[in-house]
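Here the structure is laid out as structure tokens; the discussion comes afterwards.
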Amino acid sequence: MTTATASPATTAAPPLSLTPLFARLKLTLLRNGLRQSNKRKAVFITSIVLVGLFGALQLLGLVALRGTEHAAAFTVPLAVLVALGWAVMPLFFPGGDETLDPTRLVMLPLRPAPLITALLVSSLIGIGPAFTLLILIGSVIATAHGAAAFAVAVPAVLLTLLVCVALTRAVATANVRLLSSRKGKDLALLSGVIVGVGAQLVNLAVQKLSEAGLARLEPVADVTRWIPPGSALDAVRAAGEGEYGLAAAELALTAALLAVLLLWWQRTLTKVMTSPDSSTLVSAAKPEKERGAGAGVARLLPAGRVGTAAQRQLRYAWRDPKIKTTWGSTLGIGVAIPLVNIVQGSHNLYFISVAVLMLTGLMYNQLGLDGPAFWMVLQMIGSPRDALAELRGRALALTLISVPYLLALVLVMAVITGRWDQCPEVLGLSLAALGAFLGTGAIASVRFPYSVPQDHAFKNVAPGQSGIAWLGTLWSLVGLAVCAPLIGLTIGLHLADGHGLLWTVLPLGVVYGPLAAWAGLRFAATRMTRRLPEILEAVSKA
């Protein structure tokens, strides 16, 4: 009896490694993105060239620090600052890298552990990691002395780069629900505030370093050398100076942070991919809260059309991402510039005029932010009286934010500088300028309206309307001319040594500002009723 030979079993396919697959997918995404249009390809190539040049300059600058006594005092805080930038990047630019959204992989049968390894490796492909690598290479060249230091530099650079990438991935995954919501878009648009204020702080720091040298950073480096990944960069210096135990401890500290980040990332990734999206669940109590908040604001405003228009504008300022970021950037930069000048040693309250100029920029296109929705306003305007009530409501909304802001800014700056003698004249001129620009801004809004695109975070003028926007900006010179009498009086009192009478500028400004605003609003209202169709056409352009 012969035994039947069993047919060979079907051999199982070897398990597919996710890491090379995701790396190829990342390269494919980049390649296919370039194939979409020549414009996108040109922007991408230009970005590579500019970032490459800037990175090469940073590399050369860091290499030039080699042999400097306090080079590590600069490179260690720099590593922490770079890691901080990677941490906040997904919060401010959630649309910058679509691969940061792990919810795209929810329906795939993937385990978290191999998935985070594949995502971590694929995240190393891109302009950002390449730029960071150039900075890290330059940092270790500046501080490495001896074979031991260069041997430690290899794992130090690798650990630092991995910490940066894992940090941005973990933060993006933990906040993926927020970043895909309207509040997340608001946060991204508010990056203008951070950019504006941060630019002033960086400018101040560079000036201080040029005056005092890198030695001024030693106290900062003493702290940041124990904050990963700054500890990894300091390990290079420690190895070069023969402190091998310290170098090992600092590398271990950075490796421990990387392990914690990977563990946090894995847990949040598992939660995101297995739990329902609670942001889609409607709360029954929310509409009641919103109605209550609206009723509370309404009680503080005058009755009638003026209060209704003001309440609508305040709601726009709070809910619309475009208007919110405009207000946030304006208020933030208006505070940052006077503070930076005070820190630099200039104790002059007249730098608050920058905040006044920033605020007035919001007044010269009050109708453009409505966009196509302006037709609803148009339906309710049948006479100059209706137009005046509408413009007064918009001016009231701007005043309710601007006046307390300017008052608080003047008082805070006076406390910091001790220049209480300048308070009356500065505040009087600020209030007069606010009223003058409110009036002339209403005229410009009616005479030179233009559309503001809502689908672009940093684009404020629709294509083909740049000339109109420039005309509106030049019209602000008329507002400056309206303030000329009070400005001339202040200058004259200074030149005539009449400092004892400068307090009169405050009551004059309190009266002059509202009068200028009233005259401008009435003039604009008569023109608005004649130009309603033209205004609607201008503000509705895409």
Checklist entry - Quick check: does any side chain N or O of R394 sit under 3.5 Å from a backbone N or O of Q366, one acting as donor and the other as acceptor? => result yes
Item to check | Separation between OG1 of T160 and CG of L233, rounded to the nearest 0.5 Å | outcome: 5.0 Å
Next on the checklist: Is it the case that over 12 heavy atoms from other parts of the model lie below 6.0 angstrom from the CZ atom of R522?
Outcome noted: no
Next on the checklist: Among residues at least two apart in sequence or on other chains, which ones pass ring-ring contact (aromatic ring centres under 6.0 Å, His included) with F54?
Outcome noted: F131
Next on the checklist: When you measure from the side chain of S231 to the backbone of I227, do you find a donor-acceptor pair of N or O atoms at a distance under 3.5 Å?
Outcome noted: no
Checklist entry - Of all heavy-atom pairs between A79 and P229, which one has the smallest distance, and what is that distance? => result O-CG, 3.9 Å
Checklist entry - So L411 and V415, side chain to side chain contact (heavy atoms under 4.5 Å, CB included) or not? Walk me through it. => result CA-CA 6 Å; L411 294 178; V415 170; 5.5 Å; no
Checklist entry - Can you list the steps and then say if L429 with C483 is a side chain to side chain contact (heavy atoms under 4.5 Å, CB included)? => result CA-CA 8 Å; L429 286 175; C483 294; over 6 Å; no
Item to check | Whether T529 side chain and T526 backbone form a donor-acceptor pair below 3.5 Å | outcome: yes
Next on the checklist: My understanding is that only residues two or more places apart in sequence, or in another chain, count here; which of them pass salt bridge (charged side-chain N to carboxylate O under 4.0 Å, His left out) with E425?
Outcome noted: none
Checklist entry - What is the distance from atom CH2 of W503 to atom CG of L501, rounded to the nearest 0.5 Å? => result 8.0 Å
Checklist outcome for this item: Closest non-hydrogen atoms of R305 and V377, given as atom of the first, atom of the second and distance, are NH2-O, 4.0 Å
Next on the checklist: Distance check, rounded to the nearest 0.5 Å: L396 atom CG versus I401 atom CD1?
Outcome noted: 10.0 Å
Item to check | By salt bridge (charged side-chain N to carboxylate O under 4.0 Å, His left out) - contacts of R392 (at least two apart) | outcome: none
Item to check | Side chain proximity check, V446 to I535, heavy atoms < 4.5 angstrom | outcome: yes
Checklist entry - So, the side chain of T168 versus the backbone of W86: is there a donor-acceptor pair under 3.5 Å, distance only? => result yes
